[in-house]
Protein chains: 2
Amino acid sequence: MDTLQPGPAPGPPPCTACRLRKAGAFTAVSADEMAFIESFRASTLNRPAGSTLMHEQKPGGKLFTLYAGWAFRYKTLSDGRRQILNFLLPGDLIGLQQEFSDGAMHGIEAVTDVSLCVFPRDGLWELFRRYPNLGYDITWLAAREEGMVDDNLLTAGRRNAAERVAMLLMHLYRRLERLGLVQDGSVEFPINQQHIADILGLSLVHTNKTMRRLQQLGLHEIRNGRLWLRNPKALQRLADYYDAPLRRAPLL
Amino acid sequence: MDTLQPGPAPGPPPCTACRLRKAGAFTAVSADEMAFIESFRASTLNRPAGSTLMHEQKPGGKLFTLYAGWAFRYKTLSDGRRQILNFLLPGDLIGLQQEFSDGAMHGIEAVTDVSLCVFPRDGLWELFRRYPNLGYDITWLAAREEGMVDDNLLTAGRRNAAERVAMLLMHLYRRLERLGLVQDGSVEFPINQQHIADILGLSLVHTNKTMRRLQQLGLHEIRNGRLWLRNPKALQRLADYYDAPLRRAPLL
DNA sequence: CGATGTCTTGATGAAATTCAACTCGAGTGG
DNA sequence: CCACTCGAGTTGAATTTCATCAAGACATCG
């Protein structure tokens, strides 16, 4: 039902005016490459919060760059149990694996209203051929995303509930910080406790109790859709989180 | 201590005589590309079971293709809890993420004696430039590995102990089958219960009890380092595993 | 104002961890 | 050749963590 109608907000501007590139979180590209990316971009698109950007079963689908908003990749078991694999933030490339991977697919859903840059999947090969740098960049992005899933697997497999929550808060805060999205010591935080339970591999109730406890201990605060890290040191210690400074990422 | 001495067994042969390519599990390459891969390959290497192929902390490291044997990628928390991220089987490319990903690294350890084809990491860029197909292939491999980690995250996050074991057995059996390594209805199975606990996110004791139960129910049998799936249907149902036929993978 | 979504809390039970032994075979050194 | 150790697998019991069930609070929204 939410598959066709255009979204409400204004879409991304031309690449040369890209808000993301100006923010300094991404690597520079040559004028040549920039022109190619602009021409490679088939269209732009806005989709409302909650819509499915990519279906878990159907292959194909487009290739996107998330320009604004939050989304997540997920998998579900046939009885409905859902695991979120990772969150997608502005600048992330979406839908690359659908092209390649064996086995079952994953779905992608928008958390907030999102705007997207759309690329034709069958142009990917031409991109590799004509602009090897960009091909290299795409591999970079794929490897980085795998690194994030690696971290989430360590979290789900080996950390207890409090450690998991602490890890997630640190991780998201740092990523948003890298994107320049910290304002007045807090970041926008549009996900609810069900999302958090689903990425951490916990039940909703247990997630709630754990977060309540951490908040009451003064480690963090979530209010009005924003997140404050009230005691980042303690969160970091609890999560056993190590702050490798995030590098600039490529941006398609 | 196990960093320098050469291993015992004979290493991989020239690429033109590669045992893996002949097995039919991998995509064909042109004579041109084959020659490049051969020249790109800096050396071959054998390492004994249990040795560390890549350190969890140190960056750098080489790029390998696993030619024979089993290995695994892992991460550990500072108090020693270990999570295996995925198992590496012949044909898998090793060490790609070290080049790219932010954040903490992962380690790689050999389960059995292994033999490896070694590629210089700084030649990767030239590969992308001169042979875009191969660059594309590398992205393919990265995306496929991410898909495997995705599956493992779903397993660790949402399946119970019995389902996790069933999933792992199906998954590994199918991969080995794809490589043509099934003999007399069984496959070599060199990992121990600690490895299994470490990839499934379970304790050793609980893993043992769960596997014992499944074995006694006649679902599988592990004996003398080999694995039989005695009731694949039941395992598949238990794991909620869907058998997307594995495609041919690229091979570097 | 009723309906809905999200957050919250307590009670109960199931699942998994931890602790502690014990078995069995494969070395290994006296 | 025989203790002895060591790694891997096995098992029972006690304990902890987490899931499930049930219900209520609160805000938003048509």
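The sequence lines fix the lettering, A, B, ..., with proteins before strands; numbering per chain opens at 1.
- Using a 4.0 Å heavy-atom criterion, one finds that B:Leu202 contacts the sugar-phosphate atoms exclusively.
- On the nucleic acid side, DNA chain D contacts chain A at distances under 4.0 Å to non-hydrogen atoms, with the end points of that region at D:dC18 to D:dC21.
- Judged as a salt bridge (charged side-chain N to carboxylate O under 4.0 Å, His left out), the pairs with a partner in residues 227-237 of chain A (not counting sequence neighbours) are, in order, A:Glu221-A:Arg230.
- Although no hydrogens or angles enter the test, the distance criterion places no donor-acceptor pair under 3.5 Å between the side chain of B:Asn86 and the main chain of B:Val149.
- Residues of residues 205-220 of chain A that place a heavy atom closer than 4.0 Å to DNA chain C, in numerical order, are A:Val205, A:Asn208, A:Lys209, A:Arg212.
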May I have the step-by-step check of salt bridge (charged side-chain N to carboxylate O under 4.0 Å, His left out) for A:Arg144 and A:Asp92, ending in yes or no?
CA-CA 10 Å; A:Arg144 185 186 59 154; A:Asp92 285 343; 2.9 Å; yes
Do any side-chain atoms of residues 187-201 of chain A form donor-acceptor pairs under 3.5 angstrom with protein atoms, and if so which ones, sequence neighbours left out?
unit_1: A:Asn192; atom_1: OD1; unit_2: A:Gln194; atom_2: N; d: 3.0
unit_1: A:Asn192; atom_1: OD1; unit_2: A:His195; atom_2: N; d: 2.9
unit_1: A:Asn192; atom_1: OD1; unit_2: A:His195; atom_2: ND1; d: 3.1
unit_1: A:Gln193; atom_1: OE1; unit_2: A:Asn208; atom_2: ND2; d: 2.8
unit_1: A:Gln194; atom_1: NE2; unit_2: A:Asp198; atom_2: OD1; d: 3.1
unit_1: A:His195; atom_1: ND1; unit_2: A:Asn192; atom_2: N; d: 3.1
unit_1: A:Asp198; atom_1: OD2; unit_2: A:Arg82; atom_2: NE; d: 2.8
unit_1: A:Asp198; atom_1: OD2; unit_2: A:Arg82; atom_2: NH2; d: 2.8

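- In this structure, A:Arg159 contributes its side chain and A:Leu154 its backbone to no donor-acceptor pair below 3.5 Å.
- Under the rule for a side-chain contact (heavy atoms from CB on, under 4.5 Å), the partners of A:Ala143 that lie at least two apart in sequence or sit in another chain are B:Gln97, B:Phe100.
- Atom CG of B:Asp79 is separated from atom P of C:dT18 by 10 Å (rounded to the nearest Å).
- For A:Arg212, the side chain to side chain donor-acceptor pair (under 3.5 Å) test picks out no residue, with sequence neighbours left out.
- Looking at residues two or more places apart in sequence or on another chain, you find no side-chain contact (heavy atoms from CB on, under 4.5 Å) involving B:Asp184.
- By the side-chain contact (heavy atoms from CB on, under 4.5 Å) test, B:Ser43 pairs with B:Val118, sequence neighbours left out.
- For DNA chain C, the neighbouring residues in residues 189-201 of chain A, judged by any heavy atom under 4.0 Å, are A:Asn192, A:Gln193.
- Heavy atoms of other residues, nucleotides or ligands lying less than 6.0 angstrom from CD of A:Gln216 number more than 12.
- Spacing between atom CD of A:Glu163 and atom P of C:dT17 amounts to 14 Å, rounded to whole angstrom units.
- Five base pairs at each end of the helix from C:dC1-D:dG30 to C:dG30-D:dC1 define two local axes, and these are offset by 30° (rounded to 10°).
- Atom pair A:Arg223:CZ and C:dT6:C1' shows a separation of 17 Å (rounding to whole Å applied).
- A:Arg81 places a side-chain N or O within donor-acceptor distance of the main-chain N or O of B:Arg158, the cut-off being under 3.5 Å.
- B:Ser115 is linked by a side-chain contact (heavy atoms from CB on, under 4.5 Å) to B:Pro12, B:Asn46, B:Tyr67, B:Ala68, counting only residues two or more places apart in sequence or in another chain.
- Remark: A:Arg73 pairs with A:Glu145, B:Glu146, B:Asp150 by the salt bridge (Lys or Arg N to Asp or Glu O under 4.0 Å) rule, at least two apart or across chains.
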